[in-house]
S.K.: 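Mind looking over this structure? Questions follow.
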Amino acid sequence: MTAAREQPLELTAISHNEGVDAAVSAARRVIASLLHAGDGSAAEMKEVADRLNAVADHLDEHAPAMDQRMVDMWSGEGITRHDPVTGPENTIAPPLHLTGKDDGSVEGVVALGLPYQGPPGHVHGGISALLLDHTLGVANHWAGQSGMTAELTLRYHRPTPLFEQLTVTGEQIAVDGRKIRTRGAITARGEVCVSADGLFIAKHLPRPR
Ligand SMILES: CCCCCCCCCCCCCCCC(=O)SCCNC(=O)CCNC(=O)[C@H](O)C(C)(C)COP(=O)(O)OP(=O)(O)OC[C@H]1O[C@@H](n2cnc3c(N)ncnc32)[C@H](O)[C@@H]1OP(=O)(O)O
């Protein structure tokens, strides 16, 4: 009999609250604050823009060459830190933090703010698709057979609320040769908002070395 795991298995990178991760957290806050402030804000936006451009200039000045960075960001074999869903180094990632469960599925919890709005007060459908595509992909890794998304079918059952805890789940259903079937859902307050069925084909683009 397998002993119960005391800690959930981390399938996505943890933010370190220092170095680039801390800067990315601050940048996420800036993105949300700009949208919160909007056109009617009394803040001095010219000064804000100048300061943000100065930060970008400083980062560009000290960054490695792009081709070098494109290799380095894929170092190792495991979890990456740059993807647009979970990555602690990626400002556009909400971020969603996924863990593997003993039943073979994966699960994460996230609350989305203004930058992810589609219909009034609710999450943009494309953002839900992004979360589910990635979660199904991680579920395939967790199950041991992964691939590239060939088809992703989404059903939007009810609007997905902003500013509320969302649970995102994924589970591999079947493997038939190179075809992998995976499904998942986004739920809020225990109700399914979006469900997804994915077809993945076992194929991998090699990591650059
Ligand atoms: C321990 C854990 C650590 C955790 C560690 C985490 C790791 C971190 C995880 C990251 C998770 C990222 C999750 C995001 C995943 C993306 O976002 S992937 C990017 C989006 N997808 C793409 O760009 C794919 C683009 N398409 C392609 O490259 C190719 O069309 C495909 C899908 C690879 C298939 O091409 P192919 O390999 O040449 O396949 P092909 O031989 O044509 O077809 C094979 C079979 O599949 C069928 N097929 C192919 N395409 C389709 C289709 N669209 N519909 C239906 N059938 C199809 C064919 O009909 C054929 O069937 P059979 O004849 O064998 O019955």
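First listed ligand is number 1; within each ligand, the first listed atom is number 1. Residues take their numbers from the sequence shown, with the count starting at 1.
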S.K.: Which residue supplies the protein heavy atom nearest to atom 48 (N) of ligand 1, what is that atom called, and how far is it?
M.R.: Ile201 CD1, 3.8 Å
S.K.: Report yes or no: does His124 contribute a side-chain atom to a donor-acceptor pair with the main-chain N or O of Gly126 at less than 3.5 Å?
M.R.: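 Checking the backbone N and O of Gly126 against the side chain of His124, a donor-acceptor pair under 3.5 Å is found.
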S.K.: In the complex you have, is atom 16 (C) of ligand 1 within reach of the protein, judged by whether a heavy-atom distance drops under 4.0 Å?
M.R.: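 Yes.
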S.K.: Among protein heavy atoms, which sits nearest to atom 14 (C) of ligand 1, and what does the distance come to when rounded to 0.1 Å?
M.R.: Asp133 OD2, 3.8 Å
S.K.: Using a distance threshold of 4.0 Å (strictly less than), state whether atom 31 (C) of ligand 1 has a protein heavy-atom neighbour.
M.R.: no
S.K.: State whether any protein heavy atom lies less than 4.0 Å from atom 52 (C) of ligand 1.
M.R.: yes
S.K.: Among protein heavy atoms, which sits nearest to atom 24 (C) of ligand 1, and what does the distance come to when rounded to 0.1 Å?
M.R.: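 For atom 24 (C) of ligand 1, the nearest protein heavy atom comes out as Thr149 O, 3.4 Å.
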S.K.: Ignoring hydrogens, tell whether any protein atom lies closer than 4.0 Å to atom 26 (N) of ligand 1; use the non-hydrogen atoms only.
M.R.: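 When distances to the protein are checked, atom 26 (N) of ligand 1 has no heavy atom within 4.0 Å.
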S.K.: Kindly state if atom 39 (O) of ligand 1 has a protein heavy atom within a strict 4.0 Å cut-off, that is, under 4.0 Å?
M.R.: yes
S.K.: When you compare the side chain of Leu136 with that of Arg183, does any pair of heavy atoms fall below 4.5 Å?
M.R.: no
S.K.: Looking at Glu77 and Arg209, does any basic side-chain N land under 4.0 Å from a carboxylate oxygen?
M.R.: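 Here Glu77 pairs with Arg209 in a salt bridge, since their nearest N and O are under 4.0 Å apart.
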S.K.: Taking Pro120's backbone N and O only, do any of them form a donor-acceptor pair with His122's side chain (distance below 3.5 Å, no angle check)?
M.R.: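 Checked: pair present.
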S.K.: What residue and heavy atom of the protein are closest to atom 57 (C) of ligand 1, and at what distance?
M.R.: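 Atom 57 (C) of ligand 1 sits closest to the protein heavy atom Leu199 CD2, 4.0 Å.
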S.K.: Is Met45 atom CE crowded by more than 12 heavy atoms from other residues, nucleotides or ligands, each under 6.0 Å away?
M.R.: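 More than 12 heavy atoms, drawn from other residues, nucleotides or ligands, come within 6.0 Å of this atom.
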S.K.: Which of these, His134, Glu10, His141, Arg178, has its nearest heavy atom closest to atom 44 (C) of ligand 1?
M.R.: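 The nearest heavy atom belongs to Arg178.
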S.K.: Under 4.0 Å from atom 46 (O) of ligand 1, do we find at least one protein heavy atom?
M.R.: yes
S.K.: May I ask you to identify the nearest protein heavy atom to atom 50 (N) of ligand 1, giving residue, atom name and distance to one decimal place in Å?
M.R.: Ala150 CB, 3.9 Å
S.K.: Considering only protein heavy atoms, determine whether one is less than 4.0 Å from atom 63 (O) of ligand 1.
M.R.: no
S.K.: Heavy atoms only: which of Met148, Lys203, Lys179, Glu151 lies closest to atom 23 (O) of ligand 1?
M.R.: Met148
S.K.: Above 12 or not: heavy atoms from other molecules or residues under 6.0 Å from CZ of Arg207?
M.R.: yes
S.K.: If we ignore angles and hydrogens, is there a donor and acceptor under 3.5 Å between the side chains of Asp133 and Thr149?
M.R.: yes
S.K.: Applying side chain to side chain donor-acceptor pair (under 3.5 Å), run through His97 and Thr86 and close with a yes or a no.
M.R.: CA-CA 6 Å; His97 174 215; Thr86 72; over 6 Å; no
S.K.: What do you think, any protein heavy atom under 4.0 angstrom from atom 36 (P) of ligand 1?
M.R.: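 Protein heavy atom within 4.0 Å of atom 36 (P) of ligand 1: present.
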S.K.: Quick one: salt bridge (charged side-chain N to carboxylate O under 4.0 Å, His left out) pairs with a partner in residues 148-160, sequence neighbours left out?
M.R.: Arg158-Glu191
S.K.: Say whether, by atom type as modelled, one donor and one acceptor occur between the side chain of Asp21 and the main chain of Asn17 under 3.5 angstrom.
M.R.: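 Pair absent, no side-chain N/O of Asp21 close to backbone of Asn17.
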